[in-house]
Novice: 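Here it is, the structure in full.
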Protein chains: 2
Amino acid sequence: MTEKALQQLKTAETEKISHLDYFNIGITVDCVILGYEEKELKVLLIKSDMQEYSGLFSLPGDFIKPDEDLEAASYRVLKEKTGLDDVYLEQVRTFGNIFRHPSGRVITVAYYSLIDVKNHKLQLDLNERHWHPVNEIKKLAFDHKLILDTCLNRLRQQVMEHPVIFNLLPEKFSLRELQELYEAILGVELDRRNFRKKISIKDWLLDIDEMEHNVPHRPGKLYMLKKQFRNKSAKTGAGLQFA
Amino acid sequence: MTEKALQQLKTAETEKISHLDYFNIGITVDCVILGYEEKELKVLLIKSDMQEYSGLFSLPGDFIKPDEDLEAASYRVLKEKTGLDDVYLEQVRTFGNIFRHPSGRVITVAYYSLIDVKNHKLQLDLNERHWHPVNEIKKLAFDHKLILDTCLNRLRQQVMEHPVIFNLLPEKFSLRELQELYEAILGVELDRRNFRKKISIKDWLLDIDEMEHNVPHRPGKLYMLKKQFRNKSAKTGAGLQFA
DNA sequence: AGTAAATATGTACTTATTACACATTAATTT
DNA sequence: AAATTAATGTGTAATAAGTACATATTTACT
């Protein structure tokens, strides 16, 4: 940014602050990368490399590069940590308390994404990256527990209205698997018949006329998410009903 | 931020970028300040002071100060532009495309707030601040039209679930006034009986046993928002229903 | 052949949503 | 004072959605 340009940025209210002050704030993206394994919702965490938080885990994140769109930064972090790039990713909220980062002023934009754990071969032992069951997480570095909880709440709001969680499942799944996933996310038990009725009304699923294999009981039918809903942003439609 | 602290910030992925690069991004808050006047939803805009956008209006906003919480910055902007501080204010989304600001890299966090126009004496002629009917706005400086639309969509999502829009009305109001406000925000016509039924189920309103005055027809009863709902954040409660 | 464990399915009850019409009240006009 | 105007205030029937709940069926396993 040139000095001339900076002049233009200034308004009457801000003139007292110098260039260095303005631009002395770091901006990061932090990603809540969620997976689903063994009937549990899990989040990808890395060992914090900061002394202040030694022993604690934190969300993967990185600084935004000056020549990189905000959204691109979130996809980059996701790609670097998981190798995946064609996934659901949603911006949730920006966190900017002064003292949220012990080393200085850092504002972070939080995103969440949902991925199929089995579908990506992650080097878990390297880089101290691990999947952690979200229900067992008590404390994280920085304000990352708050960020995690905020993202989980947003996910819970989205989940019944939008077909967002299918990235957490394999391509073909049974209704039981889908119901168990909903139960894991919402933290409640659902009635099987009512669940099926509600899902069937949504008209999200394609009956592919295949059956489960290798289950120690009667196999269920398999379904896929209809193509038109794959990897769509949750932003689609607001759906206000009010006569 | 000290050099030592900066070292701690660096991760393997970011080491190639220098301090100056990291911190060469500006951060602002932009506020969509909404009011309601003459049965129209209006937004407070100021004349853009940038050559690139001469003649266009823009949202009020300002740089975040290094020693100021993000949220505090949004309240400060609101206070500076309207004189009000005890109002509903909600963070909506952060906008960070590279070229969204012609003078350099500026990421902005967007908020919206709702205020009672009559209740604050704004110096409209000074500073080129004006109320503009939202429905007549075709173009704004920067990406502010996108920001405005995003905030309006968020407001429309919130409005039936949370008692947020009462800041747009005087303290005492009739059900007709309230319905007209909903119609202005949602852009639809509502059935009077169904509207009243729905509002009465919410149990937000207090019947204060007063009547309208100075209306050229039969006066209606006046209501107030119950105290427990005043100036609450829309964040309260998610309300998932799924048996 | 019998048992275990899950699938698949329907109905009655309650609650919410929608569409729709008429008598009443106060101010204004004649 | 009576008539007119323009809004308020209210209820019901029909449809749709949400909830609680039980039985027969299918496959794998022993």
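The structure displayed is predicted, hence computed values, not measured ones. Quick note: numbers below take in every heavy atom, side chains included, and nothing from hydrogens, waters or symmetry partners.
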Novice: Base, sugar-phosphate, or nothing: which does B/Arg192 touch, judged by heavy atoms less than 4.0 Å apart?
Specialist: base

Novice: To the nearest Å, give me how far apart CG (A/Leu178) and P (C/dA8) are.
Specialist: 13 Å

Novice: Filter on side chain to side chain donor-acceptor pair (under 3.5 Å), then keep only pairs touching residues 214-223 of chain A, sequence neighbours left out; what's left?
Specialist: A/Asp207-A/Lys221

Novice: Taking for each residue the nucleotide of DNA chain C with the nearest heavy atom, is it B/Met211 or A/Arg193 whose nucleotide lies nearer the 5' end?
Specialist: A/Arg193

Novice: Give a yes or no answer on whether the side chain of B/Tyr75 reaches the backbone of B/Leu89 with a donor-acceptor pair at less than 3.5 Å.
Specialist: no

Novice: Over how many whole Å does the gap from B/Leu175 atom CG to D/dT10 atom P extend?
Specialist: 9 Å

Novice: Which residues in residues 212-221 of chain B have at least one heavy atom lying under 4.0 Å from any atom of DNA chain C?
Specialist: B/Val215, B/Arg218, B/Pro219

Novice: Within the distance-only criterion (no hydrogens, no angle test), does the side chain of B/Glu183 pair as donor or acceptor with the backbone N or O of B/Leu190 below 3.5 angstrom?
Specialist: yes

Novice: For the side chain of A/Arg196, starting at C-beta, report the closest nucleotide among D/dC21, D/dT8, C/dT7.
Specialist: C/dT7

Novice: Specify the separation, in whole Å, of atom CG of A/Asp191 and atom C1' of D/dT23.
Specialist: 14 Å

Novice: Separation of A/Ile201 atom CD1 from D/dA16 atom C1', in whole Å?
Specialist: 9 Å

Novice: Check the distance between D/dT19's P and A/Met160's CE and give it to me in whole angstrom.
Specialist: 10 Å

Novice: Name the orientation class of the two ring planes belonging to A/His130 and A/His132 (parallel below 30°, tilted from 30 to 60°, perpendicular beyond 60°).
Specialist: perpendicular

Novice: Under 4.0 Å from OP1 or OP2 of D/dT8: is there any side-chain N or O of B/Arg176 that close?
Specialist: yes

Novice: Just how far, in rounded Å, is P of C/dA6 from CD of A/Gln179?
Specialist: 13 Å

Novice: To the nearest Å, how far apart are B/Ile199 CD1 and D/dG9 P?
Specialist: 14 Å

Novice: Is there a donor-acceptor pair under 3.5 Å between the side chain of A/Thr108 and the backbone N or O of A/Phe95?
Specialist: no

Novice: Considering only side-chain heavy atoms of A/Lys197, which listed nucleotide, D/dT8, D/dG11, D/dT19, is closest?
Specialist: D/dT19

Novice: Classify the angle between the aromatic ring planes of A/Phe166 and A/Phe173 as parallel (below 30°), tilted (30 to 60°) or perpendicular (above 60°).
Specialist: tilted

Novice: Using distance only, find each side-chain donor-acceptor pair of residues 34-41 of chain B under 3.5 Å and give its atom names and separation, not counting sequence neighbours.
Specialist:
from	atom 1	to	atom 2	distance (Å)
B/Tyr36	OH	B/Leu181	N	3.4
B/Glu37	OE1	B/Lys42	NZ	3.2
B/Lys39	NZ	B/Glu180	OE2	3.2

Novice: Rounded to whole angstroms, how far apart are CG on B/Asn194 and C1' on D/dT15?
Specialist: 13 Å

